[in-house]
Amino acid sequence: MPALCHLALQIVLINILLPIERKAVVARLVIKFGGTSVANVEKIRFAARHVKREFEAGHEICVIVSAMAGTTNQLIKWAKEAAPIHDAREYDAIVASGEQITAGLMAIILSDMGIKARSYSGWQVPIKTDEAHGAARIVDIDAKNLLETMANNMVCVITGFQGIAPSGRVATLGRGGSDTSAVAVAAAINADRCDIYTDVDGVYTSDPRIVPKARRLEKISFEEMLEMASLGAKVLQTRSVELAMAHKVRLAVRSTFDDPDAKQNDFANNDGKILGTLVCDEDEIVEKQIVSGVTMVKGEAKITLRGVKDHPGVAASVFGALADERIIVDMIVQNIADDGKTTDITFTVPDEEYERAIKALKAASDRFEYDAISGSKGSAKISVIGVGMRSHAGVASSMFKALADKGINIQLITTSEIKTSVLIDEEYGELAVRSLHSFYGLDKEEN
Ligand code: ASP
Ligand code: MG
């Protein structure tokens, strides 16, 4: 009881002593912090200053937090240690706890700064998901509680990565799922922007560890970001970008470690320079690049089936055999049957799936006829991405030329409206990415 009184007194004192100056409501924001931004109490205190700045600017705010860096890995380890094979619902009960800790800490710290705040677990919002424990999808968010709390001048602090399944049990959204929680909440409360604070200061034209001259993009379209995310730019969970595109949620990726107290105006500093990267609708991007990014995915294996008897249904049988084994196939190339009888089919799978894929195809050889099967591991997929490709001819040919000039052999090619990808020997991956990056004028200027 004395502890409770003490707490109550503290809350009263905070409210009397530190009235926060605040303008009328300007906009509604979701602010999400990743694991490295909330890795310990001190870092949470630092991150909270970004919330304070936005709150004082007059915004209504929902904060979404990840678990402290490393926590989720530790929790998963414990679950596996308890029993390698375990009930997915209990797995979720365990791994969802990391975010609860950070949500509570963030709410305490905000209150300590004089900003009224309360934490919400996914089920308290509620964030409703399907039953796919461990990889659940959000089906609905009832925003009523959040809107009421914000209307009462309070900040909502919500656990990322989780919700409640129809059975009433906690369900988690898959690794990196807090990004998706943030976007889903932003859509539900009709936020003006969803700010993803992380340990990098935005989305880059390429991986800066491979291309030292990679530049931060000020703006990128949802579609381009989706390609980048699925092609290995790990800034955002792919699902979160899909969701943002579907609901037209403007997403900003920016660094937590920027000075939280620096004056800024709607995601730009005082000189109007954008902080971080804005992921937005194509229409919002005035100067469209032909190519906005170059990505690489290593560890691709290619498999070729030669002399496949060509008749309706063979492709369905071949890829059906792989799908039955839940092997994800990426690039697919099928030749036309020159003699009208047989054809060659080549496709890629992740290196780790190579042996399993070969086995599955051999086991299914009664479902389709072929002469030979061959393949190898150790290829890399290099892609150039840009919405400008829709209206500019010759991007693919210039890409092939640039690679040829470096003596790099192309094994496979696939294209989409805004992307051209080639498969090459992994050994030349870095060289290819750097060459294409310069070739398309993406290198940052020396200063
Ligand atoms: N904590 C979860 C993870 O590490 C979710 C997230 O941080 O987005 O995957
Ligand atoms: Mg993340």
Side-chain angles (χ1 to χ4, degrees), residues 176 179-180 183 194 196 198 200 202-211 214-253 276-285 287-300 328-333 347-350 379-396 398-400 402-403 410 412-424 429 432-437 439-442:
D179 293 337
T180 301
V183 174
C194 177
I196 308 280
T198 178
V200 293
V203 179
Y204 277 68
T205 48
S206 197
D207 184 343
R209 284 166 305 183
I210 300 169
V211 186
R215 263 190 301 121
R216 176 170 59 84
L217 291 157
E218 290 205 336
K219 287 185 180 177
I220 183 170
S221 70
F222 291 123
E223 272 186 286
E224 289 167 318
M225 189 63 225
L226 201 54
E227 293 285 5
M228 302 268 253
S230 58
L231 290 172
K234 291 186 193 66
V235 205
L236 294 170
Q237 196 197 34
T238 309
R239 174 93 192 97
S240 72
V241 185
E242 282 169 6
L243 204 62
M245 181 156 106
H247 294 275
K248 294 211 181 299
V249 173
R250 297 166 79 236
L251 266 178
V253 177
T277 301
L278 188 69
V279 188
C280 58
D281 202 86
E282 210 177 306
D283 297 341
E284 219 186 299
I285 304 173
E287 275 181 57
K288 291 189 183 56
Q289 305 271 357
I290 298 177
V291 171
S292 333
V294 183
T295 61
M296 165 159 72
V297 181
K298 282 191 167 182
E300 299 257 315
I328 295 176
V329 175
D330 185 13
M331 305 169 97
I332 299 177
V333 177
F347 57 88
T348 63
V349 296
S379 292
K381 180 167 85 165
I382 312 292
S383 307
V384 298
I385 297 150
V387 283
M389 268 184 225
R390 277 203 205 107
S391 46
H392 283 81
V395 176
S398 65
M399 177 184 186
F400 306 153
L403 293 171
I410 299 170
L412 276 184
I413 301 167
T414 58
T415 63
S416 79
E417 219 186 354
I418 66 160
K419 177 188 75 180
T420 305
S421 303
V422 297
L423 193 74
I424 62 169
V433 173
R434 279 196 284 267
S435 307
L436 293 168
H437 196 269
F439 181 79
Y440 288 109
L442 296 175

**Q** Nearest 0.5 angstrom please: I385 CD1 to M225 CE, how far?
**A** 9.0 Å
**Q** Nearest 0.5 Å, what's the CG-OG distance between L412 and S379?
**A** 8.0 Å
**Q** Taking all non-hydrogen atoms of both residues into account, name the closest pair between S240 and T180 and its distance.
**A** N-OG1, 3.3 Å
**Q** Quick one: does any side-chain atom of D179 pair with a main-chain N or O of L236 as donor and acceptor, under 3.5 Å?
**A** no
**Q** Under the 3.5 angstrom rule, does the side chain of K219 hit a backbone N or O of E284 as a donor-acceptor pair?
**A** yes
**Q** Taking only residues two or more places apart in sequence, or in another chain, which ones meet E224 in a side-chain hydrogen bond (donor to acceptor under 3.5 Å, both in side chains)?
**A** S221, S292
**Q** Any chance you could measure I382, atom CD1, to E300, atom CD, to the nearest 0.5 Å?
**A** 9.5 Å
**Q** Please step through side chain to side chain contact (heavy atoms under 4.5 Å, CB included) for the pair D207 and M296, ending with a clear verdict.
**A** CA-CA 9 Å; D207 184 343; M296 165 159 72; over 6 Å; no
**Q** Could you walk me through whether V249 and L243 satisfy the side chain to side chain contact (heavy atoms under 4.5 Å, CB included) test, starting with their C-alpha distance in whole Å, then the side-chain angles of each, then the deciding distance to 0.1 Å, before giving a yes or no?
**A** CA-CA 8 Å; V249 173; L243 204 62; over 6 Å; no
**Q** Which residues pass the side-chain hydrogen bond (donor to acceptor under 3.5 Å, both in side chains) test with T277, sequence neighbours left out?
**A** none
**Q** If you look at every heavy atom in V241 and A229, which pair is closest and at what distance?
**A** CG2-CB, 4.4 Å
**Q** To the nearest 0.5 Å, how far apart are CD in E282 and CD1 in I418?
**A** 8.0 Å
**Q** If you count every heavy atom of other residues, nucleotides or ligands that lies below 6.0 Å from I332 atom CD1, does the total exceed 12?
**A** yes
**Q** Is the shortest heavy-atom distance from the side chain of D281 to the side chain of K248 under 4.5 Å?
**A** yes
**Q** Is there side-chain contact between T205 and L217, with at least one heavy-atom pair below 4.5 Å?
**A** yes
**Q** Which residues pass the side-chain hydrogen bond (donor to acceptor under 3.5 Å, both in side chains) test with E242, not counting sequence neighbours?
**A** R239
**Q** So do F439 and M399 actually touch side chain to side chain, heavy atoms under 4.5 Å?
**A** no
**Q** Could you tell me which non-hydrogen atom of A402 sits nearest to which non-hydrogen atom of L436, and how far apart they are?
**A** CB-CD2, 3.9 Å
**Q** Checking M389 now: which residues fulfil side-chain contact (heavy atoms from CB on, under 4.5 Å) with it, not counting sequence neighbours?
**A** V291, V384, V395, T420
**Q** What's the spacing between I220 CD1 and L251 CG if we round to 0.5 Å?
**A** 11.0 Å
**Q** Tell me whether R390 contacts the main-chain N or O of E417 through its side chain, where contact means a donor paired with an acceptor under 3.5 Å.
**A** no
**Q** Side-chain contact test, heavy atoms from C-beta onward, threshold under 4.5 Å: evaluate it for I410 versus L403 and give yes or no.
**A** yes
**Q** So how far is it from T238 OG1 to E227 CD, rounded to the nearest 0.5 Å?
**A** 10.5 Å
**Q** In chain order, what residues pass the side-chain contact (heavy atoms from CB on, under 4.5 Å) check against S421, with sequence neighbours excluded?
**A** M331, K381, S383, T414, K419
**Q** Please check this pair: side chain of S206 against backbone of A214, looking for a donor-acceptor N/O pair closer than 3.5 Å.
**A** no
**Q** Which residues satisfy the ring-ring contact (aromatic ring centres under 6.0 Å, His included) test with Y204, sequence neighbours excluded?
**A** none
